[in-house]
Protein chains: 2
Amino acid sequence: MDTIKTQQWTSDSVAADLERAIHEHRLPPATKLGEDELGDAYGISRTTVRAALHALSHRHLVELRRNRGAFVAQPSVREAREVFEARALLEPRTARSAAERMTDAALDLLRANIEDEHAALDANENGRALFLSGQFHVEIARIADQTTIETFISELISRSSLIIALYWRRRAALCETQAHHALLDAFARRDGDSAEQLMKNHLLDLVASLDLRNVAQPATSLREALNR
Amino acid sequence: MDTIKTQQWTSDSVAADLERAIHEHRLPPATKLGEDELGDAYGISRTTVRAALHALSHRHLVELRRNRGAFVAQPSVREAREVFEARALLEPRTARSAAERMTDAALDLLRANIEDEHAALDANENGRALFLSGQFHVEIARIADQTTIETFISELISRSSLIIALYWRRRAALCETQAHHALLDAFARRDGDSAEQLMKNHLLDLVASLDLRNVAQPATSLREALNR
DNA sequence: GTGCGCAAGATTGTATACAATCATGTGTGC
DNA sequence: GCACACATGATTGTATACAATCTTGCGCAC
């Protein structure tokens, strides 16, 4: 197997590349991430790969098992609930702050994001659309000028993508963009109250679209299923 | 210099050990954390030390500068505000959840924590008292049964300790334990409303006890001061 | 005497080599 | 034929060696 790109990969950029692949569902939950394999793929040594995998494990996107390797995380039903509870605490109030600090330039960024998502959906690039949909939320935290909270939300968004991969119920993804449009309107009006409430409902809708009953989790490999 | 302990150090345990040292102000902000130095101190190779330092940098407790090394982080005034804004979003509602789920065993844990803090203060172990004071908040998240939020709060608490090291204004630390006592009472009554409100006020008091005006930050070395 | 440039030392960044651990398959005994 | 034990292979955990980068001090030119 040849290397992926001609680039000066660092542990951070490899981690970002892997995170995006996970976020876009190109690397589904439970995928084995062998160090040698990744090292060959990126054309780097295991040292750098290990640093990237450890970084992702701190973001709960990768699960490290001692002497067994790294796997794309498989959030449990419980973890899924927790992630959305954390988002419910952080995002509505952050959306309010963003609305209050909104600028025209920031509005353009959010509009461009929504348009890109539409374009990706039209091109049947569902993974990319999902990624952009998440970026919308991260952008809001950035506009709210809360770097610390943005870091948390960014992690929660990526984990949400894994949760969606495992527990998504509905087929129609269009309701999503509708909520983002409504938020955009509230932002355009600098309406903090509406933004907070819309974000709250948006998150509730997201959870409602998941199947979080305590059913057996899908496992890609038999071994994984039995070790649980 | 001889090794610290006879123990099988792993990157995680080294990171935990360093985090506690930072939390207890035994390693003040801007302290240089040389890899060779730490490797010798713990009796391990640089590989493991590096993994620990990277882990701490992901928690924003250590700042890594390319080709220059690792330093105990020095949160800026802005970062300090952000940390407490994040805590304000997470902790009050978490305290409410904890109150609603409180058990007698959990109450005992919290009581023991407060007693230990008193004992530490009496023994003039201020660092240990500060650590225990932070653990009180982490325990609450654990009692609320929110692992994800607990992780975030744990990080924010450690960062708060750095913030206190840099920006603490008042001398009297006794007001602290008073707030924890009040919270304990609310928990004992399973009074979610009070717990949420008390936590909110407690965090406001904490911020008020800091000097977050935009003054020049104290720097331990001249070089650090100039590079900023 | 001051300022620039270069070289030496120190420290981190990366790769490679070795050790430890786990998974798997085979063989032997019952 | 089944179960347990051991050996083999594969993969991760750790240490060491080398390369790259930055700091620092000296020396030379002006």
Checklist outcome for this item: In whole angstroms, the gap separating C1' of D/dT23 from CZ of B/Arg68 amounts to 9 Å
Checklist entry - Between B/Asp17 and B/Arg20, is there a side-chain N and carboxylate O pair less than 4.0 Å apart? => result no
Item to check | 5' precedence on DNA chain C between A/Asn67 and B/Leu64 (nearest-nucleotide basis) | outcome: B/Leu64
Next on the checklist: Just to be sure I understand the rule, does B/Thr47 reach a base, reach only the sugar-phosphate, or reach nothing, if contact means heavy atoms closer than 4.0 Å?
Outcome noted: base
Checklist entry - Is there a donor-acceptor contact under 3.5 Å linking the side chains of B/Glu63 and B/Gln74? => result no
Checklist entry - What is the distance from CZ of A/Arg46 to C1' of C/dC18, rounded to the nearest Å? => result 11 Å
Next on the checklist: OP1 or OP2 of C/dG13 versus the side-chain N and O atoms of A/Thr48: is any pair under 4.0 Å?
Outcome noted: no
Checklist entry - Over how many whole Å does the gap from B/Arg50 atom CZ to C/dG13 atom P extend? => result 4 Å
Checklist entry - Angle class for the A/His202/A/His180 ring planes (parallel below 30°, perpendicular above 60°, tilted otherwise)? => result perpendicular
Checklist entry - Separation of A/Phe71 atom CZ from C/dA23 atom C1', in whole Å? => result 11 Å
Item to check | Atom pair distance, as rounded to whole Å: CD in B/Glu35 and C1' in C/dA10 | outcome: 13 Å
Checklist outcome for this item: Between CD1 of B/Ile44 and P of D/dT16 the distance, given in whole Å, is 12 Å
Checklist entry - Touch check for B/Arg66, heavy atoms < 4.0 angstrom, all strands: base, sugar-phosphate only, or nothing? => result sugar-phosphate
Item to check | Proximity to the side chain of A/Ser45 - top-ranked nucleotide from C/dT11, C/dT14, D/dT14 | outcome: C/dT14
Item to check | Matching residue for B/Glu19 among B/Arg26, B/Arg59, B/Arg159 - test: salt bridge (Lys or Arg N to Asp or Glu O under 4.0 Å) | outcome: B/Arg59
Next on the checklist: Whole angstroms only, please: what is the NZ-P distance between B/Lys32 and D/dT23?
Outcome noted: 10 Å
Checklist outcome for this item: note: B/Asp12, atom CG; D/dT14, atom C1'; distance rounded to Å ~ 14 Å
